[in-house]
2 protein chains.
Amino acid sequence: MQNIKVAVDAVVFGYNSKDGLQVLLIKRKVAPFKDSWALPGGLVGDDESLEDAIQRELKEETGVNINYLEQLYSFGKPNRDPRNRVISITYYGLVRPDEFEIKADTDAAEVAWFNSKKLPQLAFDHREILTAAHERLKGKILYQPIGFELLEKKFPFSDLEKLYMAVLDRAIDRRNFKKKVLKYGFLEQTTEKQAHDGAGRPGNLFSFDVDKYYQLQKQGINFEI
Amino acid sequence: MQNIKVAVDAVVFGYNSKDGLQVLLIKRKVAPFKDSWALPGGLVGDDESLEDAIQRELKEETGVNINYLEQLYSFGKPNRDPRNRVISITYYGLVRPDEFEIKADTDAAEVAWFNSKKLPQLAFDHREILTAAHERLKGKILYQPIGFELLEKKFPFSDLEKLYMAVLDRAIDRRNFKKKVLKYGFLEQTTEKQAHDGAGRPGNLFSFDVDKYYQLQKQGINFEI
DNA sequence: TCAAAAGTGTTTGAACTACACCCATGT
DNA sequence: ACATGGGTGTAGTTCAAACACTTTTGA
């Protein structure tokens, strides 16, 4: 009789122009790795789909409800959990941190956003999972417009640039980037201007038109940065 | 107490220029889906890694030993197996069909290669898995030189073209394709010529130089068709 | 008036596409 | 000699990369 448990864990990315790319972590309040930071997640219910399970765990442990969620990879080394055999099916998700309050709940002592470049020690093999998620995000953002899941509905163009620079961790030429993105035609320039956050000229706000994107996609355009 | 079983299944692709792109299937000799064709696979042992499990199952069920193997996706809908809850972690692999004999063994009544465009009805959600594997292969072959895992050590250039056409299911310009591939510099033209299989001018044989590929990759080249 | 961030256009080279004729071999 | 498949080059166009100055605002 097989004796393996099935868990789901998620790497939830958030972004804002002030704090850059962030990851949502919980502090464990039980052994093993008590008081370590870890990815939110938990065991899958017997009659629950994997997606339902991770959404439930995220809600329970962090208060987050996620719009973009994608399966990442399944980790199954026999000893990745010191107690017993657990395979973890991992997901990564994208959220706008300002849309809700995070709050610890049943299984977590604490919840917090960490800058993706200043992460603490993590429990289990969660660092490896996080690295894989970041790599996947880097790759995917180049050919699917998932970056918009991380931005407000209306955003100054510079936010999009900064997001791409934060995710890809490299400089991007402002003019070429803008040309490239705008040529796809799914960004709408609103009449509004950015509310200032200090000095500098306020930028025009843009919005991502999902319907237009699907429509253009049907006509055969291919988003690639 | 959680009651979920963990299985692994694999989509094994083979290729030769005569039969095109093929997939390895087994005929089930037990219910459910008795006598249906299915992907090779089975339950993971308690102390076995996922990769070990799928390699073992492939060996047991088909006699195949695989060089290129990559995790694909995990399927976990509650009712995908009519008996009880089974989640399947799926892999896809690439082999050269001529390198070994396939033979049915313990759990399989029969093993056979099927042309990827002429597949039979499949058990469970295996058709969905196969489609996902083919899509992944299509995508991956465009930016990683995994196609060579499907060819003999020495091959005429036309085999590579035909392979790409079979995988991508579209026509490719012969001259442009050759230019593109050769510019990377990891293909070596041998002094040998193709043994004829009927009429036509025999082509030069090429070989893929893995070491050179890694070396070039370190220097920063990026394979992309 | 100065500092900070947004806005914008051109030039140059590289890469991709389209395309057709000759060559070596077997029958 | 003919049928089959292998081998090859060029011209035109499109796309990517490099690059710097002006404008608007707050302090």
Exercise. Taking the six-membered ring of Phe206(B), is NZ or CZ of Lys154(B) closer than 6.0 Å to its centre and within 45° of its axis?
Worked result: no

For this session: Starting from the 5' end of DNA chain D, give me the residue, Phe206(B) or Gly200(B), whose nearest nucleotide shows up first.
Result: Gly200(B)

Exercise. What is the distance from CG of Asp173(A) to P of dG7(C), rounded to the nearest Å?
Worked result: 15 Å

Exercise. What is the distance, rounded to the nearest whole Å, between atom CD of Glu224(A) and atom P of dC16(C)?
Worked result: 12 Å

For this session: Measure the distance from CD on Glu192(A) to P on dA6(C) and round it to the nearest whole Å.
Result: 17 Å

Problem set entry | Separation of atom CZ in Arg174(B) from atom P in dA20(C), rounded to whole Å | 13 Å

Exercise. Do the ring planes of Phe124(A) and His126(A) sit parallel (below 30°), tilted (30 to 60°) or perpendicular (above 60°)?
Worked result: tilted

Problem set entry | side-chain N/O Ser158(A) vs dA6(C) OP1/OP2, d < 4.0 Å | yes

Exercise. Does the ring centre of Phe223(A) sit less than 6.0 Å away from the ring centre of Tyr143(A)?
Worked result: no

For this session: Look at Lys212(A) together with Glu188(A) and state whether they make a salt bridge at an N to O cut-off of under 4.0 Å.
Result: no

Exercise. Given the rule in the salt bridge (charged side-chain N to carboxylate O under 4.0 Å, His left out) test, do Arg136(A) and Glu70(A) qualify, once you have shown the distances and angles that lead to the verdict?
Worked result: CA-CA 10 Å; Arg136(A) 178 77 69 92; Glu70(A) 181 181 319; 3.3 Å; yes

Exercise. How close or far is atom C1' of dG7(C) from atom NZ of Lys193(A), stated in whole angstroms?
Worked result: 10 Å

Problem set entry | Identified side-chain contact (heavy atoms from CB on, under 4.5 Å) partner of Val167(B) from the options Leu142(B), Ile146(B), Leu137(B) | Leu137(B)

Exercise. Does the side chain of Val111(A) come within less than 4.5 Å of Val64(A)'s, by heavy atoms?
Worked result: no

Problem set entry | From Leu163(B) atom CG to Phe155(B) atom CZ, the distance as rounded to the nearest 0.5 Å | 9.5 Å

Exercise. Chain B on DNA chain D: first and last contacting nucleotide, 5' to 3', under 4.0 Å to a heavy atom?
Worked result: dT4(D) to dT10(D)

Exercise. With a non-hydrogen cut-off below 4.0 angstrom, is Asn204(A) in contact with a base, only sugar-phosphate, or nothing?
Worked result: sugar-phosphate

Exercise. Do Asn176(B) and dA18(C) have a side chain to base donor-acceptor pair shorter than 3.5 Å?
Worked result: yes

Problem set entry | salt bridge (charged side-chain N to carboxylate O under 4.0 Å, His left out) between Asp169(A) and Lys138(A), worked out | CA-CA 9 Å; Asp169(A) 197 23; Lys138(A) 273 187 190 178; 5.6 Å; no

Problem set entry | Near-strand residues of residues 178-191 of chain A, defined as heavy-atom separation under 4.0 angstrom from DNA chain C | Lys178(A), Lys179(A)

